[in-house]
Enquirer: 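If you scroll down you'll find the structure; I have some questions about it.
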Amino acid sequence: MSSNHNLKDLQWFLQTITMENQNLHSISFYLSQPTSHCYQETNNSININISKENHHHFSNLLTSLASSSNNTNPTLRNLEFHIVEWESQQVKNLGTLLNNHQTIKQIIFKRNRFNGKTMLDLSEILRENKVIKEIMFSESCIGSIGAELIASSLMVNHSLEELQIWEDSIGSRGAEEISKMIEVNPSLKLLTIFDSSFIAATPLISSVLARNRAMEVHVWSGERNGERSSKVVEFVPGNNTLRIYKLNLSGTCRVACSLGMNLTVKYLDMTGVKIKSKCAKEFRWVLEQNQTLKEVNFSRTSLKDKGVVYIAAGLFKNHSLQKLYLTGNLFGGIGVEHLLCPLSRFSSLQMQANISLKCVTFGGGGTRIGRDGLAAITRFLMTNETVTRFGIHDDESLRPDDFVKIFKSLEKNASLKCLSLQGCKGVQGETLLEIIMETLQINPWIEEVDLSRTPLHNSGKTIGIYQRLGQNENPEPEIDLIKDMPLTEPKSCRVFFCGQEYAGKTTLCQSISQNFSASPALPYLDQVRTIVNPVEQAMKTVGMKIKTFKDEDTKISIWNLAGQQEFFSLHDLMFPGHGSASIFIIILSLFRKPSNREPKSTAEIEEDLQYWLRFIVSNSKRAVQQCMLPSVAVVLTHFDKINQSSQNLQQTVDLIQRLRDKFQGYVEFYPTVFTVDARSSASVCKLTHHIRKTCKTILQRVPRVYQLCNELMQILSEWRSENYNKPAMKWKEFGDLCQVKVPYLRIRSRHYNKEAVEVKRKAIATCLHHIGEVIYFDELEFLILDCEWFCGEVLGQLLKLNVKKQHSSENNGFISRKELEKILRGSLQSPIPGMGSKVFENLDASDLVRMMLKLELCYEQDPSDQNSLLLIPSILEEGRGKPQRWQISSPDCLYAGRHLECDDSSHMFLTPGFFPRLQVHLHNRIKSLMNQHGATYSLEKYLISISINGIYIRVELAGQLGYYINILACSTKNLTETLRVIQQLIIPAIQSVCHGITMTENIIRPECVRNLTPPRYRRTQVASLQQLKQALLSLPADSMYDYQHTWSSVLDSGRPILQEGFDFARDLLSDDDFREVLHRRYHDLHNLAQELQIPPESNTEGQNQAVTLSNEAEKVEPSFGGIAKGVEEVLQRLKIIEQEIRDLKQEIQGMRYYEHRLLLELHRKVNYIATFNSQVEERKVPNMFYFVKAENHSRKLITTVVSGMTALRLHMLCEFRGQMHVVEDQMGCEMMQVDNMAVKALAPYMKKFMVMVTLALKIGAHLAAGMGQMIPDLSKEVAHLAGSSLLFGAAGATAAGVVGAAAIGRRNRSTEGSRGIQQDMKEAQQWMVDFLRERRCSTGKDIAEKFGLWRVRYRDNGQIAWICRRHMYARSAEIIEVPI
């Protein structure tokens, strides 16, 4: 409040304004006040308060002020009127005042009231006044009429620069009138409107933009009290920024239209304003026409695919826009594809349509990028040459594999500097992390990768990425500091005791501890036998136990892996990795239980030993940096209870020897089998010595560790002693300990690189974890120092949690995190003395949940959601007692199944932790399909049931020692659609959690799937997928479609479970698989045509298909080169066939035609070769013969003869023209031994004629010829003839055979005087005549008896041939028998 002496009466003011040289800047009038007085607020300003009773003084004051000369108040600038109800005379006095005082620049009306007449008078004053620069109406209720009058005056007045109308409802009518004024008024610099409705902003900002006015505009809307006011539009020409906060559809379209030719806006921000496709169409025109826009932000504008298509279309012609933000919208893969189209190149010759855009960002929970969008992104990143910043934000649709493709596509991108993937849920996984690091090594131009809020960043795994990018303050020292940390030989080694329950592991460990602790001065201690109560001896140890011993300067810890089934899932986690020093002792009991003397059978011991060997091998394949084979020794316990000369013991030793040979190359098997009495320290003396010696050897062979690890082992031990033997420590405590005790891990100053020190600390903690000194995971903010406490008390209690009884919700395997924490508190704070208090004294319930997640005792349904449900496998119930049936049973349903098992199942298996991981991983994949296809997902302990769009799938875990996966499907779709779901969704999910174990795919018998036959019966009812494809490849085309696979019967104690049966291959394979087989055949035959490269002759055949043999002799050169040319003409039809493929049957039909022509061609050429020398001894013996050798109750075709070969049998082919074939039940003639003379005569024949015969057989002619079981794998022989080693399958062998034949033909033509084919055939036939004469088989009767062939003459050309009985009767009209 002002003091009383500053208050003046109105007379004082009148006197003051008449005085000259007043330095008065501002006068404020306040009417309707309690009293009338003047108050000089400052030296330059006066406030005049007028009461209601003295209201007439206001007019007098205006008159007096107007009548005063301009010289008396030369500095007056501002007039303010508060709570004035204007009368016409007062307005006129105001006009006189303004005319007389040309220095007044600003007039403010606050809470004034104007009637129509006074408002008109005021507008006339403004129309005439050329001096006023600013005018403000605040809460003056001028309305639309007042706005119209003001606008009309400002159309003439071009001196006013600022117009502000606050908290007055001018409405759309008033706004339209002001917009018209803006179109003609170039002088207005600031327009501020506060209106009750936001629609008033549209005409105002539109006119400003359309006329390119450099006018600052602020439009607000809201209630009069201002509590809910919000900004609508803001345009600041100083920074060329237009921000639109709220507009309706028509307003947005109108603003878009005004931006087309605008030159003042460079930055357009419409975040949160809904843009429909109609508006987006207008913005397309804006982008095409506007040449000044640099940045556009359409985030959270609800843009859909159609809208983005319009935006993308505008980018094709835009040459100015540099940044485009589209995050938080609703478009999908189609929108992404169109958006990136103008920024991509689709061929090396195409120019990039838009080269101005430098930054593109999109994404959000509503954006579904999909497969098409991902393809567009990868193409954009591989081909774009201008964009420097690219962002995908908060995406939920892309998987880790998709981001792998994105980073792979960046390898050759030289323009992108920043890639932002913040908030993307798919940025996770070790594989993606490796790909990112590889990409950064290859692409040095990437300066920034923003992975904030991603699972990879939240898990703390992005430090290495940021180090590589150099984003930390001091990145180089950070990397060098880790590399420069000195290394040394590790001092600790772990010994893992593996074995089933009751094997004696705990007792053996106690006896070994006595050997370690025994003093040399007390040798009698070695003879002490531990006396154990029989009842205690029969008790099994619960949980894992760890005992530590000191051997000189080496620390040896024995990890007693629990033998109970419920602990097996933890064994994977405890398996050593990263080159950790460790050995494995497999302990086998010779008895079933120590409390009785019932010995184990050899089969039981083999099962136990194989389990642990396969467990070790399977996990060693998963382990990283496994620098050496696992060292394994076998111990047989309870040896004192058996007779050492027992036959069963010898069988056990032989069994172990066989398994040692079997696993050679997988583990390093110690040759000696230790037989001990676990209770006697003397009995285990040799085993103790082996452990000591092996540990020292292993420590010398494993990779070295950081020297700080050995120092920290002692420091941590001292810390535990000082802190009441605390078994766990927080990460902050570890940091404080390093700060005080370890100078090398100390933060040295306030500006020191703290991140680098943190990386070193984590590296040391991780190294301690690998060597077994602590248990530490980067995600968990604590270290476990007492591993025995952790494995025994904590994990032992966690595994025994009875969640099923306490879990009240539906038993589907999932439970909320809060509910699990509640159960943990209730279970661990149990009556067990000290248990609850000790655990929760060191760890919180949330810590235990995170620990369970890391140990895979439970799994998150959605890793990116902090409140995600958790899957606990122990909740799941087994469904063995439940009736197994399909949800649907219709005659139209089809059934299909796939059987997956380890490729090397004799050495590896799927470890117990595999199936729970698969349950969650597959659930996450199905979750994305639930909304699209109504997918359902349910779980049992060993079963996953899925329903997707009419396809019902069961994924079963089966098998005991060798686990395998069965995938069964019942579907209303066709077979191809059903198998695609299995092969594109289920099988990739299985392979992704196998961790390095290769799975082979087999087909399950459909009848087993339909009846849900138990797994023990269907184990033999599987067929290898690859073998079935190979079987189809070996068939001629006309047999492929009707090929049948035969199933054997299944009996159970003589009772038939499944009858014998068959299924067509087309009912077992999808169209995709079948086409793969056909395309492989086409590919092989196409390669044959390409390799020949022999141009067709000018006088091509085909004018007359029925060509006589005499004419054929004129056209075809009697050599293998001529045959190759004929084959080439047939092969050229391949391309035509491929172009006409329409469906599966058409493909097979084309293949049949193709192979039929090839077979006819070969028969025609072979027939000519067989008959061209018909005059040689008048064909007294057949020409076409072959040799067969009996091997293992089968016959093999011989293609080469070598001196010394024995037990061969000579056979002859029926020579009927065009139908050469093997004669069934032919006796043949035995050839005891091949001598040098026979080799000399037969070698050319075998090399040339037999290769050509084999060519016909390999492409399918063997079925017609009857030689199906005799065809050998001729790849080596044919490759030798062709001089080529590149053969692929049957068709490849065929190709090499023809190439070889062509090469021989060319060689024969180029060497004049060399032996031709006629001479070769003549010598071979002469050898045949002599051979048959020696065997007393020279007459026609003898040949008919042994070979089933008769000598005939063709009626049409008189040529001689030897044919079978069938052709004798079937073709009697064409031949005449001419016996010898």
Enquirer: Name every donor-acceptor pair, under 3.5 Å, that has one atom in a side chain of residues 177-194 and the other anywhere in the protein, sequence neighbours excluded.
Expert:
unit_1: S179; atom_1: OG; unit_2: E176; atom_2: O; d: 2.5
unit_1: N185; atom_1: OD1; unit_2: S187; atom_2: N; d: 2.9
unit_1: N185; atom_1: OD1; unit_2: S187; atom_2: OG; d: 2.8
unit_1: N185; atom_1: OD1; unit_2: L188; atom_2: N; d: 3.2
unit_1: N185; atom_1: ND2; unit_2: L154; atom_2: O; d: 2.8
unit_1: N185; atom_1: ND2; unit_2: N157; atom_2: O; d: 3.1
unit_1: S187; atom_1: OG; unit_2: H158; atom_2: O; d: 2.7
unit_1: S187; atom_1: OG; unit_2: L160; atom_2: O; d: 3.3

Enquirer: Is the number of heavy atoms from other residues, nucleotides or ligands under 6.0 Å of K294 NZ greater than 12?
Expert: yes

Enquirer: Please identify each residue that fulfils side chain to side chain contact (heavy atoms under 4.5 Å, CB included) with L97, with sequence neighbours left out.
Expert: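 So L97 forms a side chain to side chain contact (heavy atoms under 4.5 Å, CB included) with L62, L65, A66, L79, L94, H101, I104.
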
Enquirer: Side-chain polar contacts of residues 359-366 - donor-acceptor pairs under 3.5 angstrom, sequence neighbours left out - could you list them?
Expert:
none

Enquirer: So does L263 get a backbone contact from the side chain of N212, meaning a donor-acceptor N/O pair under 3.5 Å?
Expert: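 Yes: the side chain of N212 pairs with the backbone of L263.
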
Enquirer: For T271, enumerate each residue passing the side chain to side chain contact (heavy atoms under 4.5 Å, CB included) test, keeping only those at least two apart in sequence or located in another chain.
Expert: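 Side chain to side chain contact (heavy atoms under 4.5 Å, CB included) check on T271 returns D269, N297, S299, R300.
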
Enquirer: For K425, is there an ion pair with E396 - N to carboxylate O distance below 4.0 angstrom?
Expert: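 So E396 pairs with K425 through a salt bridge.
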
Enquirer: Please check if the side chain of S320 supplies one atom and the backbone of L293 the other of a donor-acceptor pair under 3.5 Å.
Expert: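 Yes; at least one donor-acceptor contact below 3.5 Å.
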
Enquirer: Do other residues, nucleotides or ligands put more than 12 heavy atoms under 6.0 Å from the CZ atom of R113?
Expert: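 Count over threshold, so yes.
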
Enquirer: For H457, I'd like to know if atom NE2 has over 12 heavy atoms of other residues, nucleotides or ligands within 6.0 Å.
Expert: yes

Enquirer: S153 and S123: which non-hydrogen atoms are nearest, and at how many Å?
Expert: CB-O, 3.1 Å

Enquirer: Taking N99's backbone N and O only, do any of them form a donor-acceptor pair with Q102's side chain (distance below 3.5 Å, no angle check)?
Expert: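 At least one qualifying donor-acceptor pair exists.
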
Enquirer: Only counting residues at least two apart or in another chain, list the ones meeting side chain to side chain donor-acceptor pair (under 3.5 Å) with N78.
Expert: none

Enquirer: For Y325 versus E295, what's the shortest heavy-atom pair and its separation?
Expert: CE1-OE2, 3.5 Å

Enquirer: What residues, two or more places apart in sequence or in another chain, satisfy side chain to side chain contact (heavy atoms under 4.5 Å, CB included) together with T386?
Expert: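 With sequence neighbours excluded, T386 shows a side chain to side chain contact (heavy atoms under 4.5 Å, CB included) to Q352, I355, K358, N384, given in chain and number order.
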
Enquirer: Does L357 offer a backbone N or O that forms a donor-acceptor pair with the side chain of N354 under 3.5 Å?
Expert: yes

Enquirer: Does the N93 side chain pair with the main chain of G95, one donor and one acceptor, at a distance under 3.5 Å?
Expert: no

Enquirer: Could you pull out all residues at least two apart from Q90 that satisfy side chain to side chain donor-acceptor pair (under 3.5 Å)?
Expert: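 Q90 satisfies side chain to side chain donor-acceptor pair (under 3.5 Å) with S59 once adjacent residues are dropped.
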
Enquirer: For N262 versus T264, what's the shortest heavy-atom pair and its separation?
Expert: OD1-N, 2.8 Å

Enquirer: Which atom names give the shortest non-hydrogen contact between T301 and F298, and what distance separates them?
Expert: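 Taking every non-hydrogen atom into account, OG1-O, 2.7 Å.
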
Enquirer: By side chain to side chain donor-acceptor pair (under 3.5 Å), which residues pair with D121, not counting sequence neighbours?
Expert: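 If we apply the side chain to side chain donor-acceptor pair (under 3.5 Å) test to D121, skipping adjacent residues, the hits are S88, K117.
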
Enquirer: With a 4.5 Å limit on heavy-atom distance, are the side chains of V233 and Y245 in contact?
Expert: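 No, too far: nothing below the 4.5 Å cut-off.
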
Enquirer: Minimum heavy-atom separation for D195 to G171, with atom names?
Expert: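 The answer is OD1-N, 3.4 Å.
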
Enquirer: Give me the ring orientation class for F81 and W86: parallel if the planes are under 30° apart, tilted from 30 to 60°, perpendicular past 60°.
Expert: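 Correct class here is perpendicular.
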
Enquirer: Any heavy-atom pair between the side chains of I205 and F235 that's under 4.5 Å?
Expert: yes

Enquirer: Give a yes or no on whether the backbone of T367 and the side-chain of N329 come within a donor-acceptor separation of less than 3.5 Å.
Expert: no

Enquirer: Quick check on K417: does its NZ atom have over 12 non-hydrogen neighbours (other residues, nucleotides or ligands) under 6.0 Å away?
Expert: no

Enquirer: Filter on salt bridge (Lys or Arg N to Asp or Glu O under 4.0 Å), then keep only pairs touching residues 92-108, sequence neighbours left out; what's left?
Expert: none

Enquirer: When the ring planes of F137 and F114 are compared, do they come out parallel, tilted or perpendicular, using 30° and 60° as the limits?
Expert: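 Geometry flag for F114 against F137: perpendicular rings.
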
Enquirer: Does one side chain, of S36 or S51, offer a donor that lies under 3.5 Å from an acceptor on the other?
Expert: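 The criterion, which ignores hydrogens and geometry beyond distance, is satisfied for S51 and S36.
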
Enquirer: Please output the side-chain donor-acceptor pairs of residues 276-287 that fall under 3.5 Å, not counting sequence neighbours, one pair per line with the distance.
Expert:
unit_1: R284; atom_1: NE; unit_2: E288; atom_2: OE2; d: 3.1

Enquirer: With no hydrogens and no angle check, is any side-chain donor or acceptor of D305 less than 3.5 Å from a backbone partner on G332?
Expert: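 Answer holds: yes.
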
Enquirer: Quick one: side chain to side chain donor-acceptor pair (under 3.5 Å) partners of E148, sequence neighbours excluded?
Expert: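 Listed in chain order: R173.
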
Enquirer: Would you call L303 and L330 a side-chain contact if the rule is heavy atoms closer than 4.5 Å?
Expert: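 Result no, sub-4.5 Å side-chain heavy-atom pair not found.
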
Enquirer: Got more than 12 heavy atoms from elsewhere within 6.0 Å of NZ, K52?
Expert: no

Enquirer: Sequence neighbours left out, what passes side chain to side chain contact (heavy atoms under 4.5 Å, CB included) with D394? Give chain and number order.
Expert: R453

Enquirer: Do side-chain atoms of S140 reach the backbone of S138 as a donor and acceptor pair under 3.5 angstrom?
Expert: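 Confirmed, S140 side chain pairs with S138 backbone.
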
Enquirer: Would you indicate whether Q106, at its atom CD, is surrounded by more than 12 heavy atoms from other residues, nucleotides or ligands within a distance under 6.0 Å?
Expert: yes

